[in-house]
Structures are given as C-alpha cells and as structure tokens.
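As structure tokens, the structure follows; a few thoughts come after it.
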There are 2 protein chains.
Amino acid sequence: MAELNVRHLTFRLLQVYVTVVRSGSVSEAARQLHLTQPTVSQQLKRLGEAVGEPLLENQRGRLVPTEAGRELYRASREVLGRFEDFDEYLTALRGGERGRFSIALVNTAQYVLPRLLGPYSQAHPEVEVTVHFGNRRQMLTRFERQEDDLYVFSHPPPLTHAMAGRFLRNPLVVVAPVGHALAGRERIAMSELLHERFLLREPGSATRMLFDNWLHEQGRVLGPTLQMASNEAIRIGVASGMGLAVLSEHVLPPEHPDLVILPVEGLPLESHWQFIVRRDRRLPHAAQGFLRFASEHLDKCVETRFLCNELDTLLEGLSRHWERTAAGP
Amino acid sequence: MAELNVRHLTFRLLQVYVTVVRSGSVSEAARQLHLTQPTVSQQLKRLGEAVGEPLLENQRGRLVPTEAGRELYRASREVLGRFEDFDEYLTALRGGERGRFSIALVNTAQYVLPRLLGPYSQAHPEVEVTVHFGNRRQMLTRFERQEDDLYVFSHPPPLTHAMAGRFLRNPLVVVAPVGHALAGRERIAMSELLHERFLLREPGSATRMLFDNWLHEQGRVLGPTLQMASNEAIRIGVASGMGLAVLSEHVLPPEHPDLVILPVEGLPLESHWQFIVRRDRRLPHAAQGFLRFASEHLDKCVETRFLCNELDTLLEGLSRHWERTAAGP
DNA sequence: GCCATGCATAGACCATTATCTATAACTGCT
DNA sequence: AGCAGTTATAGATAATGGTCTATGCATGGC
C-alpha cells in the first residue's frame, strides 16, 4: 500500500532529516539550519509520509530514529555523501585536474609533443589523454569530423570554426649523408640539388606539402624521387646514402654524426606548429588545463631555439569565446 | 562559481536523467516515462543548470554524456539504487521479516518462552530479539517506562494503556520431595500444610503474589518460611528436603523423579500468561510478526495441556487499534 | 500545579517544479 | 533542398515545496 514514493523526495529533505537525527531535536536542527522549528517539523512529516513509516520517536526528551528511521538515516548519509563526492569531482574537472581529452598530431610532431605530454601527465595523473597520430591528410579528416579536442598542425585548415595558437618553430631543412659532395659547402643553390635523388614523405603529409609548394613557387621540378611514409625511414635512408631529403629539424636527433644539414638558399623553410581548437566543440577543462600547462612549461620542455609561445593569446581568445557562448540567454 | 546546488535536486530528476542516458534520446526517454519530450528536455536543462556543467552532447544523432555527465550518471545510479534497497528494506520491515523488538518476561516465563522464541528466530533470522527477565515488580517498572515492545505477565497491570492476549496456562502447584510424608495422599487440605516449612519466591515476584493472595483470601498464615529469589534454587531446595514450595508447573522438568506434586485442595492455582502490548507505543512490525508466529505455532511448541491460545483476538484488536490511530487526519 | 521547553498543527504566502501544447530550430539522410 | 525525426524554446497552469507566524499540546523540573 504505502509505497516508498521517491518521486518528490528532495535532497534538501534528507539534509534536514540527517540534521535532526544527529541533533536528536527538531528545534536544535532548526537552529543549525537557520530555519524555524515548525518548518523542520513539517519537513519531517512530509518525509515520514513519503516513507510510509514512522521515522522518529520520543525517548525521554530525545528524538530517536525508529528502525526504519535508522535505515533511512544510513541511506541519506550515503546518498548525500555520494553527491558531495560528485561535487568534488566536478571541482576537479573544472580545474582541469581530472577528466580526459584527445589530441591529434601530424606525424612529425610526435618527435616533440611527448616532451610536453610527459611532464603534463606526471603533474596531472588523473587526466586521461588520448593521442592520435597520422599524416596531415588523416588529421584533416579527424578535424572535419570533430573527433578530437586538440589538433596540432603546422599549416592548419581554414579557421572558420577554429582558433589557433602557435607554440613551436618547425624548420624544414635539407639533409644529406655526412660524406656527400655538397656537405662542406657554405652556400648551395636549390638548382644544384635538382638532379640529386630525394627521399620524400608521401603526398598528404605536411612535410611533403610544404616542400612541394615551395618548389612549385620557384617553378622547379625534382629529379628522381623515392617515397616513404615515415620520417624515421627517410632519416636512416639518407644516412645510408640513399639520397637527400627535406625533414623537420625535430626529426633529427640532437647528435647526428652521420647526417649534415645543407645550407641551401631559401632554407630552412620556416613554419610553426600550432594547437588548433574547434570553436563548435566544447573544450574539456582538462584540455584547457593542458594548454595552460603547455603555455607555462614550454620553455622547460623544448630547446630554446624552437620556442615560439603564443598560447597566451589562444587561451585568452578561448575564454572570451566561451564566455560569450555561455552568456547566451 | 557555479556551485553544485543539491538543495532542489529531486530523485525524480535523476530518474529522468538516467532514462535519457540509457536510451540516448530525449524523445525515447519521454516515451518510456510517459512524459512529453519538452518536459524531459526541460528537466535536463534544469539538471544541467544545477550541476553547472554540460551533461550531454549530440554525437551523430545520439545523446552521449560528457565526462561530467558520465559521473553524474554513476552517482545517480548509485543513489537511486540505494533508495531501492531502502525500499526493499522497508518492505521486509513491514512484513516483519526484519527489524528488532524487545520482550520483557517475568522470570517464571523463561522456562517456556524460549520454546517459542527459538523456532521464531530460526524462521526469521533477520530479526533481532532482546529479552529481558526479572520478577513481576521489575517487569512492571519496565512496563511503566515503556521500555519494551512486548511483555509477558500472568496478572497484568491495569490495561488502560495496553491490550492483552492469553496464550498459556500457568498452573501453580505445591511440590514436595519424593519421600515426603504427604507424598502418597490422594487429597490434602491446605490446613495440613501450614506447619510445613515453605520455600518462597521473593515479594515482588508473581508466583509469591499469587500464593500470598490465595492464602489471604482463605485467612490462612504460613508457618516458617525461607525466601529465595530463584525458581531453580527453590526447586532444588525442595528436592533436597528443605521444605515445600509453590511453583509454576512449567518450572518442573518433564521428568522429576525427586519431586512430587501434592494434590492440595483448591490447587492448582490457575493463572494464564498473556502477551501485553502497550497501545501508546508503536508495535514494531517484527513484534507483530512474532505474535502472529506465536499464534500459529504455539501448539507445536508447548505441551498441549498448557495450551490456551487467544492471540487471534489480540492480533485482531491490534490491527483495529492501529487502523484507527493511523487514520487520524 | 505551574512554567519552560520542545514538538505538532494550521493557515498563509511566494518561488519552484512538473507538466502540458504549440512552435521553432536543428540534424542526418536522400 | 526537402523531409522525418529529434531537440530546444516559449508560454501557460496546476501542484508542490519551503518557509514563515501564530497557536495548541505534551512533558519534565521545581
């Protein structure tokens, strides 16, 4: 008959009840809750009706829970506690201390982003980060499909739905094996290289695109080429004398005794990696936290010569953007 | 800033939310809950505002929870589950399958009540029973103070605030050691016993009171007496030849080769044990369940010659009483 | 037996909620 | 571009909830 009607049960009601049980007195509970005594009495009555069972009984002046009341007290404590936990969780989430986000990187960036992600995830062990790698074309697809929270491009797609912030120089250089004929020269014209064999990244990769564009601007066409979809493979190929290549400096190890960078005219090709954030996808607090972290710790994580930290501007733009969006009536 | 305001959070809201998350669709949830779609939409909005964080996002047609939403879902499940448990608990409580009650027994009744309590608590292992023993006077004090849920008296106090139901004959007999001079006689007048030494229970005990009253009615006075506050001690005392005694038949073991019951005129003194229930104290469901159990199983638990089961009447009276009380506007 | 204290009930009030219908805006698919 | 289905917004309304003040009732101490 008197079913427990959970429908109109409020957390407030439970809070009041818990206070009453703890203090053993309606009046005292009312004082603690800054309410009047009748208010509390009535809440108790409602609660009792919802439960369909007497909850409290008077034992020489003190209100003591009945059997049902004791169990309700336990349940209330647990339930209220659970939501306090949830509140804490929310706070952590908002502070970027926990949660998750995903980030999509063009392949070449994988040589340097771990330097940031490592320290970050050590400082924020509760944040789950997913990293996707691929060449520029694949990253563009993910970007279109809004699959990730952050993207790293050197040459981003049109920013109509996104915002960008540069954070790292990404110079492209021509590398040759250490014993190459041109290795000692102080200055080399591009025209001198056109008959050399070049090891190229696949079409669709950013490195390839940049180099192709540059050549095209100059109206030049390469001689024999060999295509490999891996920076590593190319680097080793060059070291082994397979030919020359255009690579991001980040691909080269700090010490590279078997490779030399050729001082070609017009090179290095300057470009910058940037974090890209879609404006039409809510940025998780954790991702924003990562950007803050990057902005603050970048200088400790990468070599100074590559530094180019414009993340402050991005972060500022972001908060302005979300303010405006959230303020919508 | 946007603190989690748990105050106006309803369980209903969580139920709706859980349904939406499960079905991945507002419309579908509305159908399941027999609500209109806008209603559900608005509930979600309110919930989202209370949490201060987006909870759901559209992922190619399906609503999936955000990070915060996932955690809220977990919390909601737990919380709703906890109250379902509580509901089950209540059902068990109402059915008398669990809970607790206390029962106060005059000492003599302790020879027979375990025969009922044993089978009862085997059948209802979740019910916690507390039994208090003492002589009649002590039990009366407990009764006045409303310390227990059930009382067992042979001669109860005035029933202005209580109801009673007899359940067991309690004949008082005169016992003598097996070799006693009067042991073989077919009929004995009380006058013949007055010079015998009697072992008596203490004043305040029911047995003593009954015997005293009986003697008083007949205008007789006992000879030498010896007082002991224990039925056991008296029984053994009689068996050892210390004198005669008036005892409840229940105190005698089924076989008692060292004792005989004297066929005294006017004896046995007939009295009945009864369960007493205060009307001004809510009877726990479990206690009521015990009375039901007693009513049904009494014949299997005690010797037939002691049977006197009027508990049905008590139970009926109880339910009428509580109906009337509960119906009060 | 009276007074202080604490609890319950009654009546009133306003804010919030739950719910609807109608309609607009969006989304994915063809 | 249009359609079907889904979601969001607006406006309305009845019920509920949370709170108060005033008052009645019980109880324990002096």
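Proteins get letters first, then strands, A, B, ... in listed order; numbering begins at 1 in each.
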| Between the side-chain atoms of B:Gln42 and the base atoms of D:dA8, is any donor-acceptor pair under 3.5 Å? | no
| field | Nearest-angstrom distance from the residue atom CG of A:Leu56 to C1' of C:dA8 | value | 13 Å
| query | With nearest nucleotides of DNA chain C determined for A:Pro38 and B:Leu35 from heavy-atom distances, which residue corresponds to the more 5′ nucleotide? | reply | A:Pro38
| query | Whole Å only: how far is the CG atom of A:Leu13 from the P atom of D:dT16? | reply | 15 Å
| message | With a 4.0 Å cutoff (strictly under), does any side-chain N or O of A:Thr10 reach OP1 or OP2 of D:dG18? | response | yes
| Taking the side chain of B:Arg31 as its heavy atoms from C-beta onward, which of D:dT6, D:dT19, D:dT9 lies nearest to it? | D:dT6
| Which whole-number value in Å describes the distance from A:Gln43 CD to D:dG18 P? | 5 Å
| query | Counting only N and O atoms by type, is there a donor-acceptor contact under 3.5 Å from the side chain of B:Ser76 to the main-chain atoms of B:Leu14? | reply | no
| remark: From CG of B:Leu63 across to C1' of D:dT7 the rounded distance in Å is 8 Å
| field | Spacing of A:Leu44 atom CG relative to D:dT19 atom P, expressed in whole Å | value | 13 Å
| request: Could you tell me which non-hydrogen atom of A:Arg12 sits nearest to which non-hydrogen atom of A:Leu35, and how far apart they are? | output: NH2-CD1, 3.7 Å
| For the residue pair B:Phe275 and B:Phe153, is the inter-centroid distance of their aromatic rings smaller than 6.0 Å? | no
| said: Mind checking if A:Gln37 touches a base, just sugar-phosphate, or nothing, with heavy atoms under 4.0 Å? | reply: base
| Between B:Ser205 and B:Asn135: side-chain donor-acceptor atoms closer than 3.5 Å | no
| Phosphate oxygens OP1/OP2 of C:dA18: is one of them under 4.0 Å from a side-chain N or O of B:Arg46? | yes
| query | What does A:Ser27 touch in the nucleic acid at a heavy-atom separation under 4.0 angstrom: a base, only the sugar-phosphate, or nothing? | reply | sugar-phosphate
| query | Does the distance from a Lys or Arg side-chain N to an Asp or Glu carboxylate O, for B:Arg46 and B:Glu49, drop under 4.0 Å? | reply | no
| Any side-chain N or O of B:Ser41 less than 4.0 Å from the OP1 or OP2 oxygen of D:dA8? | yes
| query | At under 4.0 Å, does any side-chain N or O of B:Thr39 touch on OP1 or OP2 of C:dC20? | reply | yes
| Between B:Thr36 and C:dT19, does any side-chain N or O lie under 4.0 Å from OP1 or OP2? | no
| task | Using whole Å, report how far CZ of A:Phe11 lies from C1' of C:dT16. | result | 17 Å
